[in-house]
Amino acid sequence: MYKILLADDVKLTLASEKAYLEGRNLKVFATSSASEAREMAGVLQPDLVVLDYEMPEMTGAEVCRELRDNPQTAHIPVLILSIRDDAEIVRICEEAGAVGFLRKADGREALLESVARVLGVPRRRHLRMACEYTVGIVEGGRTHTGVIQNVSASGMFLTAARNFESGMALRLRFSLPGLAEEIHVLGEVVRKEDISEEEFGFGIQFLELTAESRQALVTFLENSI
């Protein structure tokens, strides 16, 4: 399994990108500190480092340059992400030795494309299975229920009577056939649909899921094919 080191000082973005990449069978180590990313790269020896350009201690380009100058980490490819894409930043990143530059606005699919290109591996889409299972939803201390319409190891689509807003973080719990333990996960609403006046649909991206729960989901999906 390929190892990726991910650094971004925006913790919600960091958690979202980590969950997304882990759902594609990649081992991801994450930090919100630029200096810690520099140290972790030497210890972990990841196959790829993905850096946010806009970090408070050091820019992603500065971290990249230090990794290039260190014989222990000079061989590790570096991708840099930024909310900006002006020519000057792109030039700075290239001169620092980055193998690629990506706008954050291009989204996680573009990130996955870049990761796959740098690592030289084909893209993998996680198995997703249609189903109808009840899910408990906790939002702001209040408990609601919904129905899972399809699920993968990295997210789900559910319907509910409560209209959640995009960007909201929800704590979910649900059981699946053949799994002994109930799954508990923190998810983010990344897509919403108005199904009717009384029912709404939500695309949920998993942000926090234990390794055991993720493996249980993968096993469940593979056995359901």
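Just so it is clear, the model here is predicted, and its values are computed rather than measured.
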How close do [X] and [Y] get, heavy atom to heavy atom, and via which atoms?
X: Ala98; Y: Cys64; answer: N-SG, 3.5 Å
X: Glu188; Y: Ser16; answer: OE1-OG, 3.8 Å
X: Phe202; Y: Ala160; answer: CE1-CB, 4.2 Å
X: Ala161; Y: Phe200; answer: O-CE1, 3.4 Å
X: Leu221; Y: Ala153; answer: CD1-N, 3.6 Å
X: Leu81; Y: Glu54; answer: O-OE1, 4.3 Å

Practice item. Go through the steps to decide whether Leu176 and Leu217 satisfy the test side-chain contact (heavy atoms from CB on, under 4.5 Å), and finish with yes or no. Key: CA-CA 9 Å; Leu176 294 172; Leu217 275 173; 3.2 Å; yes
**Study point:** Candidate pair Glu193 and Thr159, rule side-chain contact (heavy atoms from CB on, under 4.5 Å), full reasoning
**Key:** CA-CA 9 Å; Glu193 298 178 7; Thr159 54; over 6 Å; no
Exercise for review: Flag yes if more than 12 heavy atoms outside Glu88 fall under 6.0 Å of its CD atom; otherwise flag no.
Suggested key: yes
Review point. So with a 6.0 Å cut-off around CZ of Arg162, is the heavy-atom count from everything else above 12?
Key: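 Result for CZ/Arg162: enclosed.
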Determine whether [X] and [Y] make a side-chain contact, defined as any pair of heavy atoms from C-beta on separated by less than 4.5 Å.
X: Leu102; Y: Leu79; answer: no
X: Val135; Y: Thr145; answer: no
X: Phe101; Y: Ile89; answer: yes
X: Thr59; Y: Ile92; answer: no
X: Glu182; Y: His184; answer: yes
X: Gln205; Y: Arg191; answer: no
X: Arg214; Y: Thr210; answer: no
X: Thr31; Y: Met40; answer: yes

Checking the side chain of [X] only, and the main-chain atoms of [Y] only, is there a donor and an acceptor separated by less than 3.5 Å?
X: Gln215; Y: Glu212; answer: no
X: Arg38; Y: Val63; answer: no
X: Gln45; Y: Gln72; answer: yes
X: Arg65; Y: Cys93; answer: no

**Study point:** Verdict with supporting geometry, Lys192 and Asn163, side-chain contact (heavy atoms from CB on, under 4.5 Å)
**Key:** CA-CA 9 Å; Lys192 59 177 292 187; Asn163 188 7; 3.0 Å; yes
Answer yes if [X] and [Y] sit in the same cluster of Ile, Leu, Val, Met, Phe, Trp and Tyr residues linked by side chain heavy atoms under 4.5 Å apart, and no otherwise.
X: Ile137; Y: Tyr133; result: yes
X: Ile80; Y: Leu112; result: no
X: Val190; Y: Met156; result: no
X: Val189; Y: Leu209; result: yes
X: Val147; Y: Ile195; result: no

Practice item. Would you mind checking if Glu95 and Arg91 are paired as a salt bridge, meaning a charged N to carboxylate O distance below 4.0 Å? Key: yes
Review point. Going by the angle between their ring planes, with limits at 30° and 60°, are Phe174 and Phe206 parallel, tilted or perpendicular?
Key: parallel
From [X] atom [atom1] to [Y] atom [atom2], the distance as rounded to the nearest 0.5 Å:
X: Ile204; Y: Ser154; atom1: CD1; atom2: OG; answer: 12.0 Å
X: Leu207; Y: Lys18; atom1: CG; atom2: NZ; answer: 11.0 Å
X: Leu158; Y: Asn150; atom1: CG; atom2: CG; answer: 9.5 Å
X: Arg173; Y: Glu181; atom1: CZ; atom2: CD; answer: 15.0 Å

Review point. For the ring pair Phe164 and His144, is the centre-to-centre distance below 6.0 Å?
Key: yes
Check your understanding: What's the verdict on side chain to side chain donor-acceptor pair (under 3.5 Å) for Glu39 and Ser35, showing C-alpha distance, side-chain angles and the deciding distance?
Key -> CA-CA 7 Å; Glu39 302 303 320; Ser35 58; over 6 Å; no
**Study point:** Between Glu57 and Ser33: side-chain donor-acceptor atoms closer than 3.5 Å
**Key:**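 Distance-only check passes for Glu57 and Ser33.
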Residues 3-13 side chain polar contacts: donor-acceptor under 3.5 Å, at least two apart:
| residue | atom | partner | partner atom | Å |
| --- | --- | --- | --- | --- |
| Lys3 | NZ | Leu44 | O | 2.6 |
| Asp8 | OD1 | Val10 | N | 2.8 |
| Asp8 | OD2 | Lys104 | NZ | 2.7 |

Practice item. Check the pair Leu48 / Val115 against side-chain contact (heavy atoms from CB on, under 4.5 Å), numbers first and verdict last. Key: CA-CA 8 Å; Leu48 172 65; Val115 168; 3.9 Å; yes
